[in-house]
K.L.:
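Right, I'll just put the structure down here and ask away after.
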Amino acid sequence: MHTSLRPLLDTVLDALEEGTRLRSGPLPAGGPTEVAERLRSAVGDVFPDEGDPDALRHLVRAVAEGAADPADPLCTAHLHCPPLPVAAAADLAVSILNPSMDSWDQAPAASELESLVTRQLAREVYAETPRGAGNCATSPHRPDALITTGGTESNQIALLLARETLGPGVRLVCGENAHHSLPRSAWLLGLPEPVIVPTPTGTLDPAALDKALHGPSVIVATAGTTDAGLIDPLPEIAALCAHRGARLHIDAAYGGGLLFSTRYRAKLTGLSVADTVTLDLHKLGWQPVAAGLLAVRDDNDLAALNHRADYLNADDDTEAGLPDLLGRSLRTTRRPDVLKIAVTLKTLGREGLAALVDQVCSTAQEFAALVERHPGFELHAPPTISTVLFRPVGATDDAVAAVRRQLLTDGRAVLGRARAANRLWLKATLLNPTTRPAHLTALLHLVEGTTPR
C-alpha cells in the first residue's frame, strides 16, 4: 500500500499546484455557469466503459482549479480555515488506515487516542469549573467530550442530552443571533416550538432572556456569532440559568478557539459552567473538515447515548474489558478525526496554537483600523474575534450585494455578507495566519474599484 501511494502522492501534489496556478486567485473566475462548464469539460464521462489511468491527475487538477482556496489571503467569506499541513498529512494517514470508530476491534489504538484527546480538551473547556457549580452540583462529575462533524451535530446532541435530562417538554430558548442549526435540531428532536429572543444589538440580553423563560428550558448562548463574531454575555447568562434552574448550552463553535490564547481567553469567562459546549477545530483550530467537539461538564449525561448492538458491543465483550464505543456518537461508522487533532496539539503545543489564534485576532484589528482610516469605507464595530463588517460609504444594500457578487464572479476576492443595524455589510472573516497588511490593503482596493459610482 505505502509503496503504491508514493507516486500517487506526487501526482496529487503536482495536480494541486497546476490547478492552483490555473485558477490564479482565491476563487475560479466566471461565476457558477462557467465554472460548471469547465468542470464538466475536464471530467468528461464520469463512469466510462474503459478506465482512465490519468483520472487522478485530471480530477484533482479540475477541482483545485475550481476551488475556493482558504489558503489565499483574499478568501475571507466564511468560517473556513486553511488547514495546517501537518493536520492534512495526519488526515491522509487516517484515510489509508481506514479505521472505524464504532467498535474497539476496528480501531484499537485510535479509540484510546480519542479518549485521551477528548478528555484533555474537555478539561480545557472546564478548567475553571468550581466544584458544585451548575445543575449537577450534587453529583460528582468529570468533564468529557465527543468528536462530531461540527457545530450542527454538536448542537443537536446538546439538545438531545437536554431533552433526556429535563424531559420531552424542555423548550429551547435562544437569541435571533443563534446558529440556524439550533431551531432545526429542536424540530428534528420533536421539542416544543423554540422561543427566539430578539437580539437588536447582536447579542443576547439577559433581561429579555429572563422574561422569555417559562417551564423547563435549555438556554443557548453563542460565543462567536456567524454574522459578526460576537459573544453573548456568558457570565450573566450563566448566573440566570443557575437562578432559574435552566440548562445552559454554549455554542462556541467559532469562539471556542480563544481558549488556547492567554491573551483572549478571558472573553470566554462563564464558558466553564455550561452543561454542554460546542467547539469546532476546523475554525480556530486549523483542521481539515471535519473536526467538531461537544464538551459536557458531567460525563454522566452521556449515558443517554448508550446503545446496544450485539455485533459491536455485546454485553459479555464489554464485561470482558473490550471498550464500548457505540455510545460516543449518534453515528455508527465514523473515521478517527481525532488523529489530526492530536497531531496538531502535540506538534504546535499551547504556545504554537495560541500564536495562531493571537495572529488572526490581531489581523482583524489591523483590518478594522485600516477600514476606519479610509474615507471611502464604514466600519460596523471593532472585531470581537476575527470577523470585520464594513461597507462602502453611501452605498445602498443592493450595491453592497452587487459588489460582493462581482468580486466572486471575477474570482478576485471572496467576501461574505451579514445584516446588522438594519443594513447589509460586507464580511471578512480572517482565519488565515499568513495574511499580511499588504493583503488587507489589496482587499480594500478591490472593493473600492468594484463599488458602483
Side-chain angles (χ1 to χ4, degrees), residues 1-30 34-75 78 80-101 106-107 109-110 113 149 281-282 285-291 333-349 352-353 356 411-412 414 431-436 439:
M1 165 71 86
H2 301 165
T3 302
S4 301
L5 271 170
R6 291 189 187 279
L8 296 177
L9 293 179
D10 287 338
T11 297
V12 167
L13 293 174
D14 290 344
L16 287 172
E17 288 183 4
E18 188 174 350
T20 301
R21 188 168 57 251
L22 290 169
R23 187 182 63 243
S24 72
L27 199 72
E34 287 190 25
V35 172
E37 288 176 355
R38 286 198 297 270
L39 189 282
R40 285 195 296 267
S41 176
V43 172
D45 189 351
V46 174
F47 193 18
D49 290 334
E50 186 175 332
D52 177 4
D54 293 323
L56 179 63
R57 176 183 294 277
H58 292 158
L59 293 184
V60 171
R61 181 178 60 199
V63 170
E65 181 184 357
D69 185 3
D72 190 299
L74 300 185
C75 189
H78 301 287
H80 184 193
C81 69
L84 292 164
V86 71
D91 214 28
L92 172 63
V94 162
S95 294
I96 295 168
L97 293 169
N98 205 29
S100 181
M101 301 292 289
Q106 299 176 81
L113 182 63
T149 55
L281 295 181
H282 52 243
W286 296 278
Q287 298 299 291
V289 174
T333 301
R334 61 185 180 94
R335 68 200 308 269
D337 289 313
V338 68
L339 179 59
K340 61 195 176 191
I341 298 172
V343 167
T344 298
L345 297 178
K346 187 78 172 174
T347 301
L348 272 66
L353 203 50
L356 295 180
R412 293 188 293 170
V414 190
L431 293 180
N432 189 338
T434 68
T435 299
R436 295 295 176 258
H439 299 129

K.L.:
Rounded to the nearest 0.5 Å, what separation is found between the CZ atom of Arg57 and the CG atom of Leu8?
P.N.:
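So the gap between those two atoms works out to 11.0 Å.
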K.L.:
Going by atom type alone, with no hydrogens or angles, which donor-acceptor pairs under 3.5 Å involve a side-chain atom of residues 58-74 and a protein atom two or more places apart or on another chain?
P.N.:
unit_1 : atom_1 : unit_2 : atom_2 : d
His58  : ND1    : Asp54  : O      : 3.4
Arg61  : NH1    : Glu18  : OE2    : 3.1
Asp69  : OD1    : Ala71  : N      : 3.0
Asp69  : OD2    : Arg23  : NH2    : 2.9
Asp72  : OD1    : Leu74  : N      : 2.8

K.L.:
Any heavy-atom pair between the side chains of Thr347 and Leu84 that's under 4.5 Å?
P.N.:
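The answer is no; the side chains never approach within 4.5 Å.
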K.L.:
Enter the distance from Leu5:CG to Thr11:OG1 here, rounded to the nearest 0.5 Å.
P.N.:
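If I round to the nearest 0.5 Å, the distance is 11.0 Å.
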K.L.:
Just distance, no hydrogens or angles: give the donor-acceptor pairs under 3.5 Å from side chains in residues 333-344, sequence neighbours left out.
P.N.:
unit_1 : atom_1 : unit_2 : atom_2 : d
Arg334 : NH1    : Glu114 : OE1    : 2.9
Arg334 : NH2    : Glu114 : OE2    : 2.9
Arg335 : NH1    : Asp91  : OD1    : 2.7
Arg335 : NH1    : Asp337 : OD1    : 3.1
Arg335 : NH2    : Ser95  : OG     : 3.0
Asp337 : OD1    : Lys340 : NZ     : 3.3
Lys340 : NZ     : Pro288 : O      : 2.9
Lys340 : NZ     : Ala290 : O      : 2.9
Thr344 : OG1    : Gln287 : NE2    : 2.8
Thr344 : OG1    : Lys340 : O      : 2.9

K.L.:
Specify the closest pair of heavy atoms between Trp286 and Cys81, including all atoms of both residues, with the distance to one decimal.
P.N.:
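Shortest heavy-atom contact: CA-SG, 3.5 Å.
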K.L.:
According to side chain to side chain donor-acceptor pair (under 3.5 Å), who are the partners of Thr149, at least two apart in sequence or on a separate chain?
P.N.:
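Partners of Thr149 by the side chain to side chain donor-acceptor pair (under 3.5 Å) criterion, ordered by chain and then number, come out as Glu153.
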K.L.:
Mind checking what makes salt bridge (charged side-chain N to carboxylate O under 4.0 Å, His left out) contact with Glu34, not counting sequence neighbours?
P.N.:
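Partners of Glu34 by the salt bridge (charged side-chain N to carboxylate O under 4.0 Å, His left out) criterion, ordered by chain and then number, come out as Arg38.
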K.L.:
Among residues at least two apart in sequence or on other chains, which ones pass side chain to side chain donor-acceptor pair (under 3.5 Å) with Thr434?
P.N.:
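Scan of Thr434 (side chain to side chain donor-acceptor pair (under 3.5 Å), adjacent residues dropped) gives Asn432.
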K.L.:
Spell out, as yes or no, whether a donor-acceptor pair under 3.5 Å connects the side chain of Thr20 to the backbone of Leu16.
P.N.:
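Looks like yes, one N/O pair under 3.5 Å.
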